[in-house]
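The next block holds one structure in the form of structure tokens; read it before the comments.
Just the heavy atoms: all of them, side chains too, but no hydrogens, waters or symmetry mates, feed the values below.
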Amino acid sequence: MSASLGRAAAALLRWGRGASGGVLPGAGVRAASSGAGGGGQAEQLDAMVKKDKVVVFLKGTPEQPQCGFSNAVVQILRLHGVRDYAAYNVLDDPELRQGIKDYSNWPTIPQVFLNGEFVGGCDILLQMHQNGDLVEELKKLGIRSALLDEKTDQDSK
Amino acid sequence: KFRLAYPLLLCAHRMFTSQTEGELRVTQVLKEKFPRATAIKVTDISGGCGAMYEIKIESEEFKEKKTVQQHQMVNQALKEEIKGMHGLRIFTSVPKC
């Protein structure tokens with residue numbers, strides 16, 4: 001029992017030190033493409049965040065997040081029934097990992113983009129989930145949150 | 001079994017100790033960069049290792065700004081300190097009149 005705790009703790013410490021994830025991309029996950037570097041990368045990132053309505057940069061993948069905060073983002077999106085989103089694993093690409101931090105002027109991963117606009121990290125997404133803002137923002141993008149359907153079921157009982 | 005109890009002991013220990021150097025330094029920077037802040041609380045949530053901090057800051061300087069902008073202000077203020085951290089959690093608020 002303590003051995004697995006030790007390994008989990010080691011894994012948590014490792015994610016801050018640039019360890020490569022080596023995780024295979026799952027369904028719905030776009031593979032991170034390495035940038036040309038410099039100005040070219042900013043344009044590339046710009047295209048990436050605008051290509052899909054919901055774009056997240058994670059440590060790990062939605063199937064196998066490698067960080068508690070990235071996992072939180074994945075779980076929140078799952079709660080809302082958002083299945084079709086672009087997820088980029090920064091652990092696969094050190095240039096992407098630094099590039100996205102420069103692009104959004106935000107020092108940490110995960111990063112969430114809605115409709116090409118930077119929304120924030122896991123704390124902000126959690127706050128939006130708790131205060132109902134996330135349902136509204138998804139509605140603006142034409143995505144109906146699964147939580148809305150859940151609520152109607154409860155009301156009808 | 002001791003190995004399981006150790007984190008609990010550490011937690012209890014942290015409850016009764018004064019602030020870490022890291023917490024004090026981050027608090028000091030925030031006080032300087034947010035002179036109108038009404039409340040600042042910095043907690044090392046990495047067991048005293050200085051790897052991760054939770055920052056709670058209340059200031060009228062955040063008025064009428066979106067949460068992400070408020071967090072950006074904190075990020076900018078702690079730009080140098082963040083370089084040495086693995087991560088941070090930020091909770092900003094505006095003072096209630």
Same hydrophobic cluster for [X] and [Y], using side-chain heavy-atom links shorter than 4.5 Å among ILVMFWY?
X	Y	answer
A:V74	A:M128	yes
A:I109	B:Y53	no
B:M85	B:V29	yes
A:V73	A:L141	yes
A:F57	A:L126	yes

ask   = Can you check side chain to side chain contact (heavy atoms under 4.5 Å, CB included) on A:N105 and B:Q76, steps first, answer last?
value = CA-CA 9 Å; A:N105 192 25; B:Q76 282 299 113; 3.5 Å; yes
ask   = Once you round to the nearest 0.5 Å, how far does CE of B:M52 lie from CZ of A:F69?
value = 4.5 Å
Exercise: identify the closest heavy-atom pair between A:P107 and B:N75 = CD-ND2, 3.3 Å
ask   = Can you name the nearest heavy-atom pair linking B:R89 to A:C122, along with the distance?
value =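 Shortest heavy-atom contact: NH2-SG, 4.4 Å.
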inquiry  = Do the side chains of A:E137 and B:K66 get close enough for a salt bridge, i.e. N-O under 4.0 angstrom?
reply    = no
query = Would you say the side chain of B:F91 lies within less than 4.5 Å of the side chain of A:Q127, judging by non-hydrogen atoms?
reply = no
inquiry  = If we define contacts as heavy-atom pairs under 4.5 Å, which of A:V119, A:D123, A:T108, A:I124 has the most with chain B?
reply    =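 Of the options given, most contacts go to A:D123.
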